[in-house]
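Below is one structure; the comments refer to it alone.
Sequential numbering from 1 along the given sequence is applied to the chain's residues. Just so it is clear, the structure is predicted and the values come from calculations on it, not from any experiment.
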Amino acid sequence: MSRGPSQGEALATWALWGLIALCVIATYSRIDPSETYHVSREGIAGGLSRALTLVNFPFGLVAIALVLIAAAALPRSAWWAAAPAIGLCATIPWFNEQKNLDAHWGNAIPALGVVIAAVLTAAATRRAGQSLASRRPWDAARMIIVALVLVISLPWISAELGFHFPGDVFMGEEIIPEKDGTLIAAVHLGHHHGEDGALLLITALILSRVFVQTRGMRIAITSYLGLMLSYGAVNCIQDAWNEQFVKRGWTDARIPSAILPSASPIWIVIATLAALSAVVLLREDKRPSYSAP
């Protein structure tokens, strides 16, 4: 009898975001806050502070998916921990504000949900194993999309590491005026919400490789991953467009912010793409190559 999906993709996700958190700590510990975005703390305190807000958003969104995948491999009693973890992670909008990315005590609430998600992944790994899913039909498409996203993300990756991307292909350290007259670099150093979008998109593609045998859970997880994929894609494109096209002066047409849910056209786009993504991902499961460990 199968014990549910192996946690290989979940562990890969933890490793990916752990690496990003380490980069955030290192960069924000050594870069002056004025060169980054809406932070004020310096040194290691600044690095840890920004890492905590990263753990809240966007990683709290990822943690919800990790909880669902872990719960699919655990007994039903695990929902006594899984449900509170999801609820805690869902409080992100109340404790995180893009205009102030310094950590505060409220950030501990979503972070607690992330901690529970880690415990559940560990328990699911012990029960179901840590192997990756066997080859899936659309893995080649996944790799192509990831490669394209990484190319778009090159300026953000270098900014995450604390330097502007060299050359003239991408906008970077060019100084431009903001609406209030403030002069800033076209691509500030540190973490970007476009990178968040890219990482959410890549994470959704990684976790979508997991085949859950229970139909209800498979639909729930795939639907959530479809939303994560579409939300990530729109935010990635929005930030890249505004930084690399609008700030060059090539166009005045800005893509509106899509970070927070709202009754707006951009969120109609996200919802539509989410539904399409979920349908596409579920179609792959009609030819599952998953084998229970």
How long is the gap from [atom1] on [X] to [atom2] on [Y], to the nearest 0.5 Å?
X: T272; Y: I268; atom1: OG1; atom2: CD1; result: 7.0 Å
X: N56; Y: N107; atom1: CG; atom2: CG; result: 4.5 Å
X: L132; Y: I206; atom1: CG; atom2: CD1; result: 9.5 Å
X: L282; Y: L225; atom1: CG; atom2: CG; result: 10.0 Å
X: H191; Y: Y28; atom1: NE2; atom2: OH; result: 7.5 Å
X: Q238; Y: E243; atom1: CD; atom2: CD; result: 9.0 Å

* Apply the test side-chain hydrogen bond (donor to acceptor under 3.5 Å, both in side chains) to residues H192 and E160: give CA-CA distance (whole Å), side-chain angles for both, the deciding distance (0.1 Å), then the verdict. => CA-CA 8 Å; H192 285 250; E160 187 81 279; over 6 Å; no
Would you say that more than 12 heavy atoms from the other residues, nucleotides or ligands in this model lie under 6.0 Å from the [atom1] of [X], or not?
X: D32; atom1: CG; result: yes
X: R30; atom1: CZ; result: yes
X: Q130; atom1: CD; result: no

Which pair of heavy atoms, one from [X] and one from [Y], lies closest together, and at what distance?
X: V187; Y: A159; value: CG1-CB, 4.3 Å
X: A253; Y: V246; value: O-CG2, 3.6 Å
X: V39; Y: T36; value: CG2-OG1, 3.0 Å
X: P5; Y: A73; value: O-CB, 3.6 Å
X: I266; Y: A258; value: CG1-CB, 3.8 Å
X: F211; Y: R218; value: CE1-CD, 3.6 Å

Determine, using the 4.5 Å side-chain heavy-atom cutoff (strictly less than), whether [X] and [Y] are members of one ILVMFWY cluster.
X: I144; Y: L199; answer: no
X: L66; Y: L11; answer: no
X: L207; Y: V114; answer: yes
X: W105; Y: I109; answer: no
X: M143; Y: V151; answer: no

Side-chain contact, heavy-atom cut-off 4.5 Å: [X] with [Y]?
X: F95; Y: H104; result: yes
X: D196; Y: L54; result: yes
X: S223; Y: I219; result: yes
X: L200; Y: P58; result: yes
X: N235; Y: I259; result: yes
X: Q244; Y: P155; result: yes
X: S158; Y: H164; result: no
X: R209; Y: E9; result: yes

* **Within 45° cone and under 6.0 Å: R248 NZ/CZ vs W250 ring** =>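 Yes, R248 sits over the ring of W250.
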* Give the C-alpha distance, both sets of side-chain angles, the deciding distance and a yes or no for side-chain contact (heavy atoms from CB on, under 4.5 Å) between L61 and I92. => CA-CA 8 Å; L61 302 177; I92 292 169; 4.1 Å; yes
* Would you confirm whether D239, through its side chain, and G194, through its main-chain N or O, come within 3.5 Å as a donor-acceptor pair? =>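 Yes; judged by distance alone, with no hydrogens or angles, the pair exists.
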* Give a yes or no answer on whether the side chain of S230 reaches the backbone of I270 with a donor-acceptor pair at less than 3.5 Å. =>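 Side chain of S230 to backbone of I270, a donor-acceptor pair under 3.5 Å: yes, one is there.
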* Under 4.0 Å between a Lys/Arg side-chain N and an Asp/Glu carboxylate O for R142 and E284? ->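 Salt bridge flag = yes for E284 with R142.
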* Using a strict cut-off of less than 4.0 Å between a Lys/Arg side-chain nitrogen and an Asp/Glu carboxylate oxygen, indicate whether R136 and D139 qualify as a salt bridge. =>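 So R136 does not pair with D139 through a salt bridge.
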* Evaluate ring pair (Phe, Tyr, Trp, His ring centres under 6.0 Å) for F59 paired with W14, printing each intermediate quantity in order. => CA-CA 10 Å; F59 187 69; W14 282 105; 5.1 Å; yes
* To do: Could you walk me through whether W138 and S208 pass side-chain hydrogen bond (donor to acceptor under 3.5 Å, both in side chains), step by step?
  => CA-CA 10 Å; W138 294 340; S208 67; over 6 Å; no
* **Worked check of side-chain contact (heavy atoms from CB on, under 4.5 Å) between W267 and V234** => CA-CA 9 Å; W267 269 89; V234 168; over 6 Å; no
* Asked: Knowing that exactly one of T222, I69, V212 qualifies, which makes a side chain to side chain contact (heavy atoms under 4.5 Å, CB included) with M217?
  ->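 Only one of T222, I69, V212 forms a side chain to side chain contact (heavy atoms under 4.5 Å, CB included) with M217, namely V212.
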* Parallel, tilted or perpendicular: which fits the ring planes of F57 and Y231, with parallel below 30° and perpendicular above 60°? ->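 Rings of F57 and Y231: perpendicular, over 60°.
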* To do: Start with the C-alpha distance between S6 and S131, add both sets of side-chain angles, then the distance that settles side-chain hydrogen bond (donor to acceptor under 3.5 Å, both in side chains), and finish with yes or no.
  => CA-CA 6 Å; S6 180; S131 61; 3.3 Å; yes
* Check the pair N100, H38 against side-chain contact (heavy atoms from CB on, under 4.5 Å), reporting the backbone distance first and the verdict last. => CA-CA 5 Å; N100 180 14; H38 290 171; 5.9 Å; no
* To do: Would you sort out whether V149 and I202 count as a side-chain contact (heavy atoms from CB on, under 4.5 Å), showing the intermediate values?
  => CA-CA 8 Å; V149 171; I202 291 172; 4.0 Å; yes
